[in-house]
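Everything below concerns the one structure shown next.
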Amino acid sequence: MQQQHPWPQTIEEAIAIQEQLRSLVIAENQLSTVRYVAGVDVGYHSSDAVSQAAVTVLSFPDLQLQQQATACSVTAFPYVPGFLSFREVPAVLQALEKLDQMPDLILCDGQGLAHPRRFGLACHLGVLTSIATIGVAKTRFIGEHSDVGLERGSWQPLQDCGQTVGAALRTQTGVKPIYVSIGHKVNLVSAIDYVLRCALKYRLPETTRSADQLTSG
DNA sequence: GCGACAG
DNA sequence: ATCTTGTCGC
């Protein structure tokens with residue numbers, strides 16, 4: 001699971017990579033039966049110099065923790081909105097390599113297609129690993145949407161430049177919606193369904209929560 | 001020029 | 001992301 005392209009040193013190089021790789025994104029279901037779902041998260045401490053990635057693998061649909069791994073690496077890119085993947089993907093790849101068995105699906109902490117160039121973190125990780133991925137973000141990055149119904153499962157398309165790039169999804173009645181978008185090898189309706197089935201009790205899916213927990217402490 | 005801006 | 005306790009509400 002090595003990086004398959006040179007890591008950019010400039011925004012211009014990063015844009016070129018995004019524009020090249022985005023054509024490789026598969027926006028339809030191409031995943032086997034999901035038995036293992038992973039959550040990934042990256043954290044930082046006092047300095048930005050070191051990125052710590054955590055991956056947790058849960059059984060699906062019963063959501064029991066099966067495996068976990070962490071990895072630290074030198075932070076390879078600054079945080080610039082629109083280029084988060086260049087910062088977080090290297091550490092995530094290292095953590096994934098430590099797993100005994102690859103998950104069937106990965107829920108990423110960030111956007112997928114809901115990105116200015118349609119190539120957010122979830123798309124990037126999916127293309128590099130060939131694993132199905134979904135972007136699950138706590139806040140909106142791009143796009144607009146109508147008000148979301150108050151009940152769990154309600155959602156509204158997230159639209160940008162006339163395209164549906166994701167969904168604002170209410171995972172629990174009365175809580176703020178989250179932003180779901182395609183990463184790789186899954187369509188939006190299925191992505192919403194997987195996220196809902198991983199978020200039975202809290203706003204964020206259990207995958208994200210368990211990975212966060214590994215990062216924080 | 002002025003805001004907005006995943007983590 | 002990170003710095004950080006208690007507190008209001010179901």
Side-chain angles (χ1 to χ4, degrees), chain A residues 7-8 11 14-15 17-18 21-22 25 38-56 70-95 106-128 133-145 150-152 158-161 163-184 188 191 195 199 201-205 207-217:
Chain A
W7 223 244
I11 297 295
I15 290 175
I17 290 168
Q18 290 177 331
L21 294 186
R22 68 180 172 187
V25 170
V40 300
D41 183 52
V42 179
Y44 302 85
H45 289 97
S46 45
S47 98
D48 271 3
V50 175
S51 301
Q52 180 176 52
V55 181
T56 55
T70 61
C72 287
S73 78
V74 173
T75 304
F77 210 80
Y79 173 67
V80 181
F83 303 90
L84 179 64
S85 65
F86 294 101
R87 180 174 175 80
E88 302 204 334
V89 157
V92 170
L93 291 178
Q94 286 187 33
I106 302 174
L107 271 51
C108 303
D109 201 356
Q111 317 286 347
L113 265 195
H115 176 278
R117 285 166 299 283
R118 309 291 182 260
F119 197 71
L121 171 64
C123 299
H124 202 158
L125 188 63
V127 166
L128 291 188
T133 58
I134 297 171
V136 179
K138 295 179 285 295
T139 61
R140 188 194 65 88
F141 184 27
I142 60 152
E144 305 82 41
H145 63 87
L150 295 176
E151 294 144 41
R152 167 179 157 84
L158 180 65
Q159 299 187 300
D160 183 61
C161 300
Q163 315 176 54
T164 294
V165 296
L169 171 67
R170 188 94 62 186
T171 53
Q172 300 298 331
T173 299
V175 306
K176 187 164 43 152
I178 62 176
Y179 294 84
V180 175
S181 56
I182 290 174
H184 192 48
L188 182 58
V195 170
K201 190 169 159 80
Y202 300 100
R203 181 167 86 117
L204 296 176
T207 43
T208 313
R209 289 168 49 81
S210 54
D212 273 0
Q213 210 168 349
L214 252 191
T215 291
S216 309

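Chain identifiers are assigned alphabetically (A, B, ...) following the order of the sequence lines, protein sequences preceding nucleic acid strands; residue numbering begins at 1 within each chain.
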Which distance, rounded to the nearest 0.5 Å, do you find between the CG of A:L93 and the CG of A:L128?
6.0 Å
Rounded to whole Å, please give me the gap between CG in A:L84 and P in B:dA6.
9 Å
What integer distance in Å separates A:Y179:OH from B:dC5:C1'?
14 Å
Report the distance from atom CD of A:Q52 to atom P of B:dG7, rounded to the nearest whole Å.
18 Å
Counting any heavy atom closer than 4.0 Å, what does A:G82 reach on the DNA or RNA strands: base, sugar-phosphate only, or nothing?
base
Where is the tightest heavy-atom contact between A:A122 and A:T133, given as atom of each residue plus distance?
O-OG1, 2.7 Å
Check the phosphate of B:dG7 against A:Y44, side-chain N and O only, distance under 4.0 Å to OP1 or OP2. Yes or no?
no
Could you give the distance from CG (A:L121) to CD (A:Q111), rounded to the nearest 0.5 Å?
9.5 Å
Using every non-hydrogen atom in the two residues, find where A:F83 and A:Q18 come nearest and quote the distance to one decimal.
CE2-OE1, 3.5 Å
Tell me whether the side-chain N/O atoms of A:K138 come closer than 4.0 Å to OP1 or OP2 in B:dA6.
no
Within the structure shown, what part of the strands sits under 4.0 Å from A:F86 by heavy-atom distance: base, sugar-phosphate, or nothing?
nothing
Length of the line joining A:L121:CG and B:dC5:C1', which is rounded to integer Å
16 Å
Between B:dG7 (P) and A:D41 (CG): distance, integer Å
10 Å
Without decimals, in angstroms, what is the distance between A:F141 CZ and B:dA4 C1'?
9 Å
Should the ring pair A:H124 and A:F86 be called parallel, tilted or perpendicular, given that the plane angle runs from 0 to 90° and is split at 30 and 60?
perpendicular
Inter-residue atom distance A:H115.NE2 - A:D160.CG, 0.5 Å rounding
11.0 Å
Please list, in 5' to 3' order, the outermost nucleotides of DNA chain C lying under 4.0 Å from any heavy atom of chain A.
C:dA1 to C:dT2
Nearest 0.5 Å please: distance from the OG atom of A:S216 over to the CZ atom of A:R209.
11.0 Å
Proximal nucleotide (of B:dA6, B:dA4, B:dG7) relative to the A:R140 side chain
B:dA4
Roughly how many Å is it from CD in A:E144 to C1' in B:dA4, rounded to a whole number?
12 Å
Between B:dG7 atom P and A:H45 atom NE2, what is the distance in whole Å?
18 Å
